[in-house]
Amino acid sequence: AERMSQPVRIVGLSTAMANASDLADWLGIPHDSIFNFKPSVRPVPLEVHIAGFPGQHYCPRMAAMNKPTYRAITVHSPDQPTLVFVSRRR
């Protein structure tokens, strides 16, 4: 885009985000150009459950998450599709 002197439009779709301004900063998007809709305006209700797990090393942390994640899915959404987001930083 820079070589062609034309602006590039980025459209990002995701679930509701708690850190939309951080993502905008990372993408270089002005804050007046982001739109972050709350879960309450979704046509299909969205439930958000957050759980943290300690540990510095990836494999042991993933192993520690298996059973609690499975239990959370069976409690909060036993009959519906579920998305599990796992952040990873190197």
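This chain uses plain numbering: 1 for the first residue, then up along the sequence.
Under a hydrophobic-cluster definition in which Ile, Leu, Val, Met, Phe, Trp and Tyr are linked whenever side-chain heavy atoms come within less than 4.5 Å, directly or via other members, M62 and V84 are assigned to the same cluster.
Checking each of I73, T74, T69 against T82 for a side chain to side chain contact (heavy atoms under 4.5 Å, CB included) leaves exactly one that passes, namely I73.
Within 6.0 Å of atom NE2 in H57, 12 or fewer heavy atoms from other residues, nucleotides or ligands are found, so the atom counts as exposed in its surroundings.
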